[in-house]
Student: 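Before anything else, here's the structure in question.
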Amino acid sequence: MENTYLTNIWTQVHNLVLLARENVWYLAYFFCSVILLFQVTKWLYNVYFHPLAAFPGPLLWRASRVPFETSNVRGRILKDLSVLHARYGEVVRVAPGILAFIHPSAWPDIYAHKPGHLPFPKDPLRYTHDTYINGHPDVFAAEDVDHPRLRRLLKPVFSDKALREQEPLIQANIDLLISKLRERAGSSTVDPSTTDVVDISTWLNWATFDLIGDLAFGETFGCLARGSYHPWVALIFASVKAVTIAGAIKQFPWLDRLWQILIGGVWMRAMRQHQQLVIEKVDKRLARKTERKDFTEFILNYQNTNDEKMSKGEMYSNLSLLIMAGSDTSATALSGTLYHLARNQHVLRPLQTEIREKFATEGDISFESIAALPNLLAALKESMRMYPSQPIFTPRKVPKGGAEVAGSWVPEGVSLLLIIIIIVVVVVVVIVITTVGIFQSTAYNSPINFMHSHKYDPSRWLGNPTYDGDRRDVFRPFSIGPKSCIGMQLAYTEMQLILARMLWNFDIELVDKERVWTDQAAHWSWVKTPLLMRLKTFEKRE
Ligand code: HEM
């Protein structure tokens, strides 16, 4: 009986296969038609019926995510967006579910904590958990209860007291940077043609990685001493583009599955190697009985006097995160500032004279004394406006029920029900989230927000009335709200100190004066190209 039943099923399957074989072209045609019809229906829906249909944007970008993600992966998104904002205004629909804003009030609406309003969570498709070591959350990608808890545990690391006590460690790393550059720089007393050329951007990367490594792990990566990248640091740079590609691929679930099969293994192996080094370095630091005022010391001190604890696994994940978050960002801002100053000698020269007159010796340049250099801070801010370290958006999901952003009502994501009828009825449910954000570089370089937006002029931050109409409140390089940069104070202090000491020590000159160095591809950060400068040592005469 059972055998007859099985034989019947087998015969039917066999017949179906024969039928399919005979009609293979019809079947292929049928499936292609279904897919095409599905796509066309989706594009039409996105353009005409989607809850974001009323927002302006180019037709293809509103219909499909492909143009936005392609531009993103190619690193061209900022160039494309500046054209789109000029054409469509302060809010542009850059993909079916993504809105880009450049109006200042978008910052508090999206990123700040507003009593009585739901927060905008980080877009889970772009904030990867791959960086978690053995599944332990880091403050950057964590949500819900983990984020505020980890943020509280990390706060003492960035307090004013901690910063003051970290000064000797920070100064020691800058000493090494300056002495290594002095070895390479020419002297102002010799023939200028003998002066040496350095790729200052790479040196600043080495310096900031060494410095943060020293603060986080209790030892530097030895980049400055060796004059080359540590493999771990090189891997971080290599992953900048990979993270953007992975984020783009996650927008297309079928492609993501393929990516996981083809690349996922290699990617995870590289991540595990990277993570193993973190584990070894943190274990080594924890085993040391020392009172050196680094990040670990402040985390441990806080735990000794409070009930809240950071597990060892969380220390691995979060110390690793601090290295990634706190090194390239500062190096980028520093490189950008030196580039802009070298290009604008009329700004550089008076600033340099001021620094050299104010500080009789280099040793006088300290955390405390740099606070009296408003022109230096203005030079840094103006460069971060034109070339922000976090150039693209930090995407947030619109919360349940929708929310108002920069005067526009933005609905939350929708569940699309697409019903396609051809012979059979195919019902497809697609969950789409609405994502919003501000692309910093686009907002800061827009003439809508800043007068002479492409002109490097630090005086706009010093009360020059020409710039009274500037919307300075759009400038939030460290973001705002509960997930803003926890290291802002450290970053500002470290950057001003490095700049002041660099400018005190060296006269700087661009090797290629015509080249626009900031014209770079942008992913999570810029893909920096070599920044060649000629350095001449300045010898102070009494
Ligand atoms: C020029 C230097 C820096 C810039 C422009 C910068 C910018 C930012 C921005 C825009 C965010 C928000 C990212 C988002 O919402 O996705 C952020 C977050 C963060 N930054 Fe920075 N940063 C800098 C330096 C640092 C330094 C020196 C550290 C620490 C050593 C640091 C640690 C962090 C951490 C831990 C977060 C995540 C905070 C959270 O989610 O609660 N950053 N940074």
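This one's a predicted model, so the numbers in the text were calculated from it and none came from an experiment. Read the numbers this way: they start at 1 and go in the same order the structure lists the ligands and their atoms.
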Student: Look only at the side chain of S383 and the backbone of G336, and say whether a donor-acceptor pair between them is shorter than 3.5 Å.
Tutor: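 Confirmed, S383 side chain pairs with G336 backbone.
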
Student: Stepwise, does the side chain to side chain donor-acceptor pair (under 3.5 Å) test hold for T529 with R515?
Tutor: CA-CA 11 Å; T529 49; R515 186 171 146 235; 2.8 Å; yes

Student: Any N or O of K122 that comes nearer than 3.5 Å to an N or O of ligand 1?
Tutor: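 Indeed, backbone or side chain, K122 has an N or O that close.
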
Student: How many angstroms lie between OG in S159 and CD in E165, if you round to the nearest 0.5 Å?
Tutor: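 Between S159 OG and E165 CD, I get 8.0 Å after rounding to 0.5 Å.
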
Student: Is there a nitrogen or oxygen of H147 sitting under 3.5 Å from a nitrogen or oxygen of ligand 1?
Tutor: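 Between H147 and ligand 1, an N or O pair is found under 3.5 Å apart.
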
Student: Judged on heavy-atom distance to atom 39 (C) of ligand 1, which of E494, M488, R151, R476 sits nearest?
Tutor: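 Among E494, M488, R151, R476, the closest heavy atom to atom 39 (C) of ligand 1 comes from R151.
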
Student: Identify the protein heavy atom lying closest to atom 34 (C) of ligand 1, giving its residue, its atom name and the separation to 0.1 Å.
Tutor: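 Answer, as residue, atom name and distance: I486 CG2, 3.8 Å.
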
Student: Return the closest protein heavy atom for atom 37 (C) of ligand 1 as residue, atom name and distance.
Tutor: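 Its nearest protein heavy-atom neighbour is F140 CD1, 3.7 Å.
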
Student: Looking only at side chains, do Q489 and D160 share a donor and an acceptor under 3.5 Å apart?
Tutor: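 Per modelled atom types, Q489 and D160 side chains form no pair under 3.5 Å.
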
Student: Assess R396 for proximity to ligand 1: is some non-hydrogen atom of it under 4.0 Å away?
Tutor: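 Yes; R396 lies near enough to ligand 1 that a heavy-atom distance drops under 4.0 Å.
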
Student: Out of L321, I110, T329, whose heavy atom sits nearest atom 23 (C) of ligand 1?
Tutor: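 Comparing heavy atoms across L321, I110, T329, the nearest one to atom 23 (C) of ligand 1 lies in T329.
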
Student: What is the closest protein heavy atom to atom 12 (C) of ligand 1, and at what distance does it sit?
Tutor: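 The protein heavy atom lying closest is K483 O, 3.8 Å.
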
Student: For atom 33 (C) of ligand 1, what's the nearest protein heavy-atom neighbour? Residue, atom name and distance, please.
Tutor: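 So the nearest neighbour among protein heavy atoms is A325 CB, 3.7 Å.
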
Student: Got the closest protein heavy atom to atom 18 (C) of ligand 1, with its distance?
Tutor: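 For this ligand atom, the closest protein heavy atom is C485 CA, 3.6 Å.
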
Student: Hey, which atoms in ligand 1 end up nearer than 4.0 Å to a heavy atom of G326?
Tutor: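 So the atoms of ligand 1 that pass are 25 (C), 26 (C), 27 (C), 28 (C), 30 (C).
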
Student: Measure from atom 3 (C) of ligand 1 to every heavy atom in Y492, W524, F478 and give the option owning the shortest one.
Tutor: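 Residue with the shortest heavy-atom distance to the ligand atom: F478.
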
Student: Check whether any heavy atom of M495 sits under 4.0 Å from an atom of ligand 1.
Tutor: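 It does; at least one heavy atom falls under 4.0 Å.
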
Student: Tell me, with the steps shown, if M324 and D328 meet side chain to side chain contact (heavy atoms under 4.5 Å, CB included).
Tutor: CA-CA 7 Å; M324 293 190 268; D328 182 54; over 6 Å; no

Student: Do W107 and F478 have ring centroids that are under 6.0 Å from one another?
Tutor: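 No, the ring centres sit 6.0 Å or more apart.
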
Student: Under 4.0 Å between a side-chain nitrogen and a carboxylate oxygen: does that hold for E297 and R292?
Tutor: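 No, no charged N to carboxylate O under 4.0 Å.
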
Student: Which ligand 1 atoms does P477 reach within 4.0 Å, using its non-hydrogen atoms?
Tutor: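 Numbered from 1, ligand 1 contributes 5 (C), 7 (C), 10 (C).
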
Student: Which atoms of ligand 1 are found less than 4.0 Å from any heavy atom of S484?
Tutor: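 Answer for ligand 1: 38 (C).
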
Student: Would K455 count as a cation-pi partner of Y467, with NZ or CZ less than 6.0 Å from the six-membered ring centre and within 45° of the ring normal?
Tutor: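 Judged by the rule (NZ or CZ under 6.0 Å from the ring centre, within 45° of its axis), K455 is not positioned above Y467.
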
Student: Knowing that exactly one of W526, Y444, Y456 qualifies, which makes a ring-ring contact (aromatic ring centres under 6.0 Å, His included) with Y387?
Tutor: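 Of all the options given, the one that passes is W526.
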
Student: Without hydrogens or angle criteria, can the side chains of T435 and R126 be said to hold a donor-acceptor pair below 3.5 Å?
Tutor: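 No, R126 and T435 have no side-chain donor paired with an acceptor closer than 3.5 Å.
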
Student: Which ligand 1 atoms does Y127 reach within 4.0 Å, using its non-hydrogen atoms?
Tutor: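 That gives atoms 14 (C), 15 (O), 16 (O) of ligand 1.
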
